[in-house]
Amino acid sequence: MKLNIADTFRVKLPADPIMENSRRQVFKSCFSYVTPKKPKAPKLIHAVNEMAMNLGLTETDTQTKSFLDFVSGNQIQANTQPYAMCYGGHQFGHWAGQLGDGRAINLMEVVHNNRRWALQLKGAGETPYSRSADGLAVLRSSIREHLCSEAMFHLGVPTTRSLSLSLSGDEVLRDVLYDGNAAHEKGAIVCRVAPSFIRFGNFEILASRQDHETLRKLTDYTINEYYPHIKAGSKTGYLDFFTTVLQNTITMLVHWQRVGFVHGVMNTDNMSIHGLTIDYGPYGWLEGYDPGWTPNTTDRQFKRYRYGNQAQIGLWNLLQLANALFPLIAEAKPLEAILATYNGIYEEKYLAMMRSKLGLQKTLDTDARLIDNLEENLRLTETDMTIFFRNLGKITATTTITDDASFLKPLEEAFYAFETVKEDVLTAWKNWFTTYTERLAIEDQSSKERVLQMHKVNPKYVLRNYMAQLVIDAADEGDYQLLQDIHEVLKKPYDEQIENEKWFAKRPEWARHKVGCSMLSCSS
């Protein structure tokens, strides 16, 4: 197994001079060297061969013991020095100080086909940033991260990737619901892959400590390595960098809204500088269309990270990044001017995205109201977002809008209780579909062409929480076939996949309040 190792982060940025793996505050450094914990009995559960090929490996490579040793932290590659990053963050709106890679260890950077990838193990043991935790991860959360990062990639959502999922052989003590009932669970390790794992918090921690020298080094490094078209070392360059991050963040968030994804923990330490979805904890997909829904039990009271608030949290987080970059620019107005463009850019991209979901190519001023009315109607009675938009293509410009609910039959599967679509609810839908069919009538494309385009942006298969929980339940019993089956389904989320039609269904009632299927904690 050969990899083209080409480290830059640990080579070009200042390292923590203290080599011992002890909990501590780390100053004037971007990372600390640390060695992964040797797993007791590592076992590969699943490898993503497509991702392996991106790194220059083959499917045969992923079946070797050397690969298992590599992705489980059992063996360190020659000419590498694993490390944990130092960063801070705002958690639920409050500055938390130093956080860092508490259960993630960066192995190396690899270059293949002119693309740079950073590889990181999640759940491989303690680091100087683990605080009171053990740095390990359990199987249930690792399955969720492994499957979801790959599902998001195939949905076309900017994301980190997963190379592999392994059992460590260790038992890990966790309190799933934070209710005092801790229990031992199977330990696991995910090998994550991304261009880099640099976060907003990497810049925040340095600015908070007024370590402007290291802040400048990190910012110049990030620009030079990942945005070479921008000139590092100048105010203009730093502003261009911030503008790019803002635009990438908006693109990511609009994709989240498109597929009904809720991150659940949009703290600034979970915001990628590349605009990638990172750190899959208590995430979820909308079942019933509810802008107020959050999958995170910790967020249950205030719902800061609810589906309908993700765009505004993106802006709030970018404001914190702007504050971190301010020492390099020394002027607030240029940063404020960039932030002022956020809402306009987001609204434009969101409208364009929603038009595509509705199969509209032309742009009319009335489209915004059409979309607003649709979102209001989706909240009138419990309605599955994924099924509704996927089946919406069955409505055409010539569909007759009847006085009863029969015109909604093509969408009946999307309603949790179709019998509730009556009286005022039915009237609202009749009005909306009358306007929608009239809007379709002025489009130039045929119904067939429109449906083909709609099916490219409205997925049929997403990783619903109950699906992930079924995989977890099977894996706890040592059965990993369902994991592989679901992974295959999620690789083609826009295809019909008639043989997998059973996964194109609303959340079953048994899963409505089941732990892991509705709301989740950050416990992993």
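Computed from a predicted model, the values in this text were never measured in an experiment.
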* Would you kindly say whether N465 and Q469 are connected by a side-chain donor-acceptor distance under 3.5 Å? => no
* Structure fact -> What one should report as the nearest heavy-atom pair of G102 and S130 is O-OG, 2.6 Å
* Asked: Does atom CD of Q25 have more than 12 heavy-atom neighbours from other groups under 6.0 Å away?
  -> yes
* Give a yes or no on whether the backbone of E109 and the side-chain of D7 come within a donor-acceptor separation of less than 3.5 Å. => yes
* Asked: Rounded to the nearest 0.5 Å, what separation is found between the CD1 atom of I45 and the CG atom of L139?
  -> 5.0 Å
* Asked: Of all heavy-atom pairs between P158 and H255, which one has the smallest distance, and what is that distance?
  -> CD-CD2, 3.6 Å
* Asked: Between Y461 (side chain) and Q497 (backbone), is there a donor-acceptor pair under 3.5 Å?
  -> yes
* For F242, ring pair (Phe, Tyr, Trp, His ring centres under 6.0 Å) partners two or more places apart -> none
* Would you kindly say whether T159 and Y280 are connected by a side-chain donor-acceptor distance under 3.5 Å? => yes
* Asked: Rounded to the nearest 0.5 Å, how far apart are CG of L483 and CG of L147?
  -> 4.5 Å
* Separation between CG of L119 and CZ of F70, rounded to the nearest 0.5 Å -> 4.5 Å
* **Within-4.5 Å side-chain heavy-atom neighbours: S196 and F9** => no
* Flag the pair D473 / L482 as yes when at least one side-chain heavy-atom distance between them is below 4.5 Å, and no otherwise. => no
* Asked: So, K12 and E225, do they make that salt bridge, N to O below 4.0 Å?
  -> yes
* Asked: If you measure only the distance, is there a donor-acceptor pair under 3.5 Å linking the side chains of E204 and Q320?
  -> no
* Is there a side-chain contact between W510 and C517, using heavy atoms and a 4.5 Å cut-off? -> yes
* To do: Check the pair Y33 / N21 against side-chain contact (heavy atoms from CB on, under 4.5 Å), numbers first and verdict last.
  => CA-CA 8 Å; Y33 288 112; N21 192 355; over 6 Å; no
* Given the side-chain rings of F302 and F92, with only the six-membered ring counted for Trp, is the space between their centroids under 6.0 Å? -> no
* If you take all heavy atoms of V26 and C86, which pair is closest and at what distance? -> O-SG, 3.9 Å
* To do: Determine the interplanar angle of the F241 and F203 rings, folded into 0 to 90°, and report it as parallel if under 30°, tilted if 30 to 60°, perpendicular if over 60°.
  => tilted
* To do: Could you check if a side-chain atom of K122 sits within less than 4.5 angstrom of a side-chain atom of D279, using non-hydrogen atoms only?
  => yes
* Asked: Can you tell me how far CG of L167 sits from OG of S142, rounded to the nearest 0.5 angstrom?
  -> 9.0 Å
* **Taking every non-hydrogen atom, the tightest pair across K28 and D211** => CA-OD2, 3.0 Å
* To do: Begin from the C-alpha positions of Y416 and E287 and carry the test side-chain contact (heavy atoms from CB on, under 4.5 Å) through to its verdict.
  => CA-CA 10 Å; Y416 277 79; E287 304 284 356; 3.5 Å; yes
* Check whether any side-chain N or O of R23 sits under 3.5 Å from a backbone N or O of A133 as a donor-acceptor pair, and report yes or no. => yes
* Is Q210 atom CD crowded by more than 12 heavy atoms from other residues, nucleotides or ligands, each under 6.0 Å away? -> no
* Asked: Which class fits the ring pair Y283 and W285: parallel under 30°, tilted 30 to 60°, perpendicular over 60°?
  -> perpendicular
* Asked: Are any side-chain N or O atoms of N113 and backbone N or O atoms of R115, one a donor and one an acceptor, separated by less than 3.5 Å?
  -> no
* Run the side-chain contact (heavy atoms from CB on, under 4.5 Å) check on K37 and E126 step by step: do they pass? -> CA-CA 7 Å; K37 176 182 182 292; E126 301 175 6; over 6 Å; no
* Would you say the side-chain atoms of N296 pair up with the backbone N or O of T298, donor to acceptor, closer than 3.5 Å? -> yes
* Hey, does the Lys NZ or Arg CZ of R390 hover above the aromatic six-ring of F504, less than 6.0 Å from the centre and inside 45° of the axis? -> no
* Under 6.0 Å from the CE atom of M1, do we count more than 12 heavy atoms belonging to anything else shown? -> yes
* Could you list the residues that satisfy ring pair (Phe, Tyr, Trp, His ring centres under 6.0 Å) with W256, not counting sequence neighbours? => F261, H263
* Go through the steps to decide whether R216 and Y238 satisfy the test side-chain hydrogen bond (donor to acceptor under 3.5 Å, both in side chains), and finish with yes or no. => CA-CA 10 Å; R216 187 180 299 276; Y238 297 140; 3.2 Å; yes
* Asked: Got D16 and R24 here, is their nearest side-chain heavy-atom distance under 4.5 Å?
  -> yes
* Asked: Taking atom NZ of K460 as the centre, does the number of heavy atoms from other residues, nucleotides or ligands within less than 6.0 Å exceed 12?
  -> yes
* Which heavy atom in I5 sits nearest to a heavy atom in A78, and how many Å separate them? -> CD1-O, 3.8 Å
* Asked: Taking N4 for the side chain and V111 for the main chain, is one N or O donor matched with an acceptor at less than 3.5 Å?
  -> yes
* To do: Could you tell me whether the side chain of R258 and the main chain of V157 form a donor-acceptor pair under 3.5 Å?
  => no
* Taking atom CD of E213 as the centre, report whether more than 12 heavy atoms of other residues, nucleotides or ligands fall under 6.0 Å from it. => no
* Heavy atoms, side chains only, cut-off 4.5 Å: are F197 and H274 in contact? -> no
* What's the spacing between D384 CG and R464 CZ if we round to 0.5 Å? -> 4.0 Å
* Hey, are the side chains of F389 and V457 touching, using non-hydrogen atoms and a 4.5 Å cut-off? -> no
* Kindly determine whether E145 and R192 satisfy salt bridge (charged side-chain N to carboxylate O under 4.0 Å, His left out), including the steps that lead there. => CA-CA 9 Å; E145 170 131 15; R192 307 198 294 187; 2.9 Å; yes
* Between Y129 and S32, is any side-chain donor less than 3.5 angstrom from a side-chain acceptor? -> yes
* Asked: Does the distance from a Lys or Arg side-chain N to an Asp or Glu carboxylate O, for R161 and E150, drop under 4.0 Å?
  -> yes
* Under the 3.5 angstrom rule, does the side chain of Y307 hit a backbone N or O of Q257 as a donor-acceptor pair? -> yes
* **Sub-4.5 Å side-chain heavy-atom contact between L490 and W503** => no
* **Separation between OH of Y305 and CD1 of I313, rounded to the nearest 0.5 Å** => 5.5 Å
* Donor-acceptor contact below 3.5 Å, side chain D101 vs main chain T127 -> no
* Structure fact -> Minimal heavy-atom distance between R174 and V138, with the atoms involved, is CG-CG1, 3.6 Å
* Under the ring pair (Phe, Tyr, Trp, His ring centres under 6.0 Å) rule, what pairs show up with a residue in residues 467-491, not counting sequence neighbours? -> H46-H487
* Check the side chains of N248 and T251 for a donor-acceptor pair under 3.5 angstrom, ignoring hydrogens and angles. => no
* Does the pair S164 and T62 meet the rule for a side-chain contact (heavy atoms from CB on, under 4.5 Å), with working shown? -> CA-CA 9 Å; S164 63; T62 65; over 6 Å; no
* Hey, does the side chain of Y494 reach the backbone of H154 with a donor-acceptor pair shorter than 3.5 angstrom? -> no
